[in-house]
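Being a predicted model, the structure only gives us computed values, none of them experimental. Throughout, protein chains are lettered first and strands after them, A, B, ... in sequence-line order, and every chain is numbered starting at 1.
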Number of protein chains: 2
Amino acid sequence: MTSGLPGRLLDDLGPAIVTGKYPAGAVLRTEELERAFRVSRTVVREALRVLEAMRLVSSRRRVGITVLPRTDWNLYDPRVIRWRLDGPDRAGQLRSLTELRSATEPVAAALAAARATPEQAGALTALAVQLRSSTHDLDAFLVHDIAFHRVLLIASGNDMFAQLGDVVDAVLTGRTHHHLMPQTPKPEAVRLHVEVAEAIAAGDPARAEAAMRAIVTEVLDVLPGT
Amino acid sequence: MTSGLPGRLLDDLGPAIVTGKYPAGAVLRTEELERAFRVSRTVVREALRVLEAMRLVSSRRRVGITVLPRTDWNLYDPRVIRWRLDGPDRAGQLRSLTELRSATEPVAAALAAARATPEQAGALTALAVQLRSSTHDLDAFLVHDIAFHRVLLIASGNDMFAQLGDVVDAVLTGRTHHHLMPQTPKPEAVRLHVEVAEAIAAGDPARAEAAMRAIVTEVLDVLPGT
DNA sequence: GAAACTCAAAAGTAGTACTTATTCAAGAGG
DNA sequence: CCTCTTGAATAAGTACTACTTTTGAGTTTC
């Protein structure tokens with residue numbers, strides 16, 4: 001559902017809920033939404049059905065569509081993640097995601113060392129080499145960095161880790177936009193990426209985990225408000 | 001959307017997709033679903049809209065509703081998690097979730113040590129004491145164990161970790177059903193829970209993380225097929 | 001054999017009618 | 001005056017029809 005009128009309505013209502021324009025407890029009416037967004041009842045119902053599935057709202061007859069508190073939301077839904085990143089508390093959401101990332105990537109590295117295919121290990125090594133070669137070009141560095149982490153998460157052999165590739169993308173891209181990335185990548189960070197790749201190629205989970213832990217520890221340390 | 005005809009249709013189609021009854025590439029037609037499930041077009045469209053938002057299917061005019069490959073799915077959607085746990089590869093899904101858990105809980109413990117409120121720290125200590133007192137009653141032990149981990153995840157102050165409480169619930173409950181839980185909880189595991197609670201109460205992130213890591217390492221070690 | 005055209009297939013959107021669930025206000029009784 | 005019952009209004013749920021739009025496949029033409 002990325003197109004069509006229900007999708008467009010979703011992309012209006014979702015952010016409005018997530019950013020607090022419609023706070024928890026607020027009650028929406030399907031008829032009012034029809035008028036406000038100039039769409040038919042079918043379109044409104046379909047968009048609301050999706051919001052309900054994301055646990056952003058709850059629908060009851062005679063009552064209306066009630067906005068739910070944040071503790072009910074499906075926070076891992078890619079749309080919810082995006083809406084929160086586009087909202088006023090972007091820094092908070094980046095921190096949340098960074099902490100999640102700091103938890104998952106070391107374990108993913110260890111699993112990758114145990115499970116990566118030769119192709120995956122080779123791709124990681126190649127990407128680490130490219131990282132080293134592109135420290136002078138921040139955009140190119142970012143592209144390779146994101147690719148490195150994505151391949152690693154896939155190589156972990158756990159598809160739930162693999163899906164966090166989008167989270168890593170959002171975090172790394174967000175760091176750059178927030179000027180949280182150093183102007184020139186630290187040699188130590190690059191070295192650690194190379195070490196992770198080497199440890200995975202060598203099938204050494206403990207070493208891969210330790211190196212990746214060092215990478216994400218440095219990331220956490222530079223977060224504001226830690 | 002937990003009730004109503006769209007919800008019921010969702011709970012039929014979702015598992016059918018997730019378990020491969022409708023494999024990737026299969027094309028569904030709204031009209032056929034209307035006939036097969038004896039519901040109106042509105043109901044079918046609403047259920048499909050939700051499946052589309054979960055990235056289980058993709059809809060295009062003239063083409064139909066195409067089932068997407070697993071790499072597209074929103075694997076963190078609570079329904080997708082449940083459908084996979086209820087499917088034939090339950091053990092694989094439990095392993096996936098256990099690995100995710102093993103990654104996140106140590107970091108959550110460290111964050112909780114830094115951020116827990118006195119109430120949360122107190123609740124963890126109380127729950128650890130109850131764990132120690134209920135080793136003779138496996139059901140009671142499970143209840144307290146789940147509660148312990150839930151409170152800890154909430155105490156981490158990261159709502160994405162907090163949401164994984166359901167994952168921990170599913171994993172711990174699943175372990176019991178799989179007879180993967182020891183008949184009598186190991187004293188060492190209980191001791192570690194107490195140590196986690198003490199470390200959090202003392203505001204010692206490193207100690208909390210290490211103790212929790214020992215807990216989840218033991219859990220990973222007893223997984224079949226590791 | 002490739003490009004253009006046509007049409008059938010299937011979803012998308014609008015709107016109406018009727019049903020069902022639920023809440024709230026009013027009235028009755030103690 | 002408070003509590004319980006009843007009825008009606010409110011709002012969503014479901015079915016259905018009509019029309020539009022998109023898209024792919026088959027046919028025709030060059």
Side-chain angles (χ1 to χ4, degrees), chain A residues 1-17 21-69 72-74 79, chain B residues 1-17 21-69 72-74 79:
Chain A
M1 184 204 250
T2 52
S3 63
L5 291 176
R8 287 164 69 174
L9 183 51
L10 193 64
D11 280 335
D12 267 319
L13 290 175
I17 291 168
K21 182 178 172 187
Y22 297 124
V27 179
L28 313 176
R29 302 282 201 279
T30 52
E31 209 167 323
E32 287 173 12
L33 295 171
E34 284 173 50
R35 281 198 290 271
F37 292 93
R38 289 180 168 70
V39 289
S40 76
R41 198 152 169 260
T42 305
V43 168
V44 169
R45 285 185 62 77
E46 290 183 8
L48 289 177
R49 201 58 69 207
V50 173
L51 288 172
E52 198 178 3
M54 291 175 174
R55 304 292 298 140
L56 295 187
V57 299
S58 166
S59 170
R60 285 179 73 178
R61 304 189 205 203
R62 172 64 179 80
V63 175
I65 317 298
T66 309
V67 177
L68 295 171
D72 285 24
W73 301 352
N74 291 350
R79 283 188 167 80
Chain B
M1 183 204 255
T2 52
S3 63
L5 290 176
R8 288 164 70 177
L9 183 52
L10 194 66
D11 281 334
D12 267 319
L13 290 174
I17 292 168
K21 181 179 174 187
Y22 298 122
V27 179
L28 313 175
R29 302 286 200 277
T30 52
E31 208 167 326
E32 288 174 12
L33 295 171
E34 285 174 51
R35 281 199 288 272
F37 291 92
R38 291 180 168 69
V39 288
S40 75
R41 197 154 168 257
T42 306
V43 168
V44 170
R45 286 185 60 80
E46 290 183 7
L48 289 176
R49 201 58 69 206
V50 173
L51 288 171
E52 198 178 2
M54 290 176 175
R55 304 291 300 140
L56 296 186
V57 299
S58 166
S59 170
R60 286 180 73 173
R61 305 189 206 202
R62 171 65 178 81
V63 175
I65 317 297
T66 310
V67 178
L68 296 170
D72 284 24
W73 301 351
N74 290 350
R79 283 187 167 80

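- Comparing R38(A) and R41(A) against DNA chain C, the residue whose closest nucleotide sits nearer the 5' end is R38(A).
- Whole-Å rounding puts the R61(A) CZ to dC18(C) P distance at 17 Å.
- Contact check on E46(A) versus R49(A) returns no salt bridge, with no Lys/Arg side-chain nitrogen under 4.0 Å from an Asp/Glu carboxylate oxygen.
- Under 4.0 angstrom from either OP1 or OP2 of dA12(D) there lies at least one side-chain N or O belonging to T30(A).
- For the pair E34(B) CD and dT14(D) P, the computed distance is 14 Å after rounding to whole Å.
- Salt bridge status for R35(B) with E32(B): absent, with no side-chain N to carboxylate O gap under 4.0 Å.
- Taking 4.0 angstrom as the limit, R29(A) places a side-chain polar atom (N or O) nearer than this to OP1 or OP2 of dA11(D).
- With dT13(C), dG13(D), dT14(D) as the candidates, the nucleotide lying closest to the side chain of L5(A) is dT13(C).
- Residue-to-nucleotide proximity on DNA chain D shows that, of R60(A) and V43(B), the 5′-proximal contact is made by R60(A).
- Counting any heavy atom pair closer than 4.0 Å across all strands shown, L48(A) reaches no nucleic acid atom.
- Set against dA12(D), dG12(C), dA14(C), the side chain of I65(A) has dA12(D) as its closest nucleotide.
- For R49(B), a side-chain nitrogen or oxygen approaches OP1 or OP2 of dG12(C) to under 4.0 Å.
- Rounded to an integer number of Å, the gap from L33(B) CG to dG12(C) P is 12 Å.
- Side-chain contact between F37(B) and L5(B) is absent, with no heavy atoms from C-beta onward closer than 4.5 Å.
- Judged by distance alone, with hydrogens and angles left aside, R62(A) brings a side-chain donor or acceptor within reach of the base of dT23(C), the pair sitting under 3.5 Å.
- I65(B) and S59(B) make their closest contact through CD1-OG, 3.6 Å (heavy atoms, listed as atom of the first residue, atom of the second, distance).
- Nearest nucleotide to the V63(A) side chain, out of dT22(C), dA11(C), dT16(C): dT22(C).
- The distance between atom CZ of R8(B) and atom P of dG13(D), rounded to the nearest whole Å, is 15 Å.
- Between the CZ atom of R45(A) and the C1' atom of dA12(D) there is a distance of 6 Å, rounded to whole Å.
- Contact annotation: T42(B) does not reach the phosphate of dA15(D) (side-chain N/O to OP1 or OP2, under 4.0 Å).
- Minimum heavy-atom separation, N74(B) to A53(B): ND2-O, 3.2 Å.
- Within the structure, a side-chain polar atom (N or O) of S40(A) is placed less than 4.0 Å from OP1 or OP2 of dA14(C).
- Distance CD (E46(A)) to P (dA12(D)): 16 Å, rounded to an integer number of Å.
- Rounded to an integer number of Å, the gap from L9(A) CG to dG12(C) P is 15 Å.
- Atom CD of E52(A) is separated from atom C1' of dG13(D) by 11 Å (rounded to the nearest Å).
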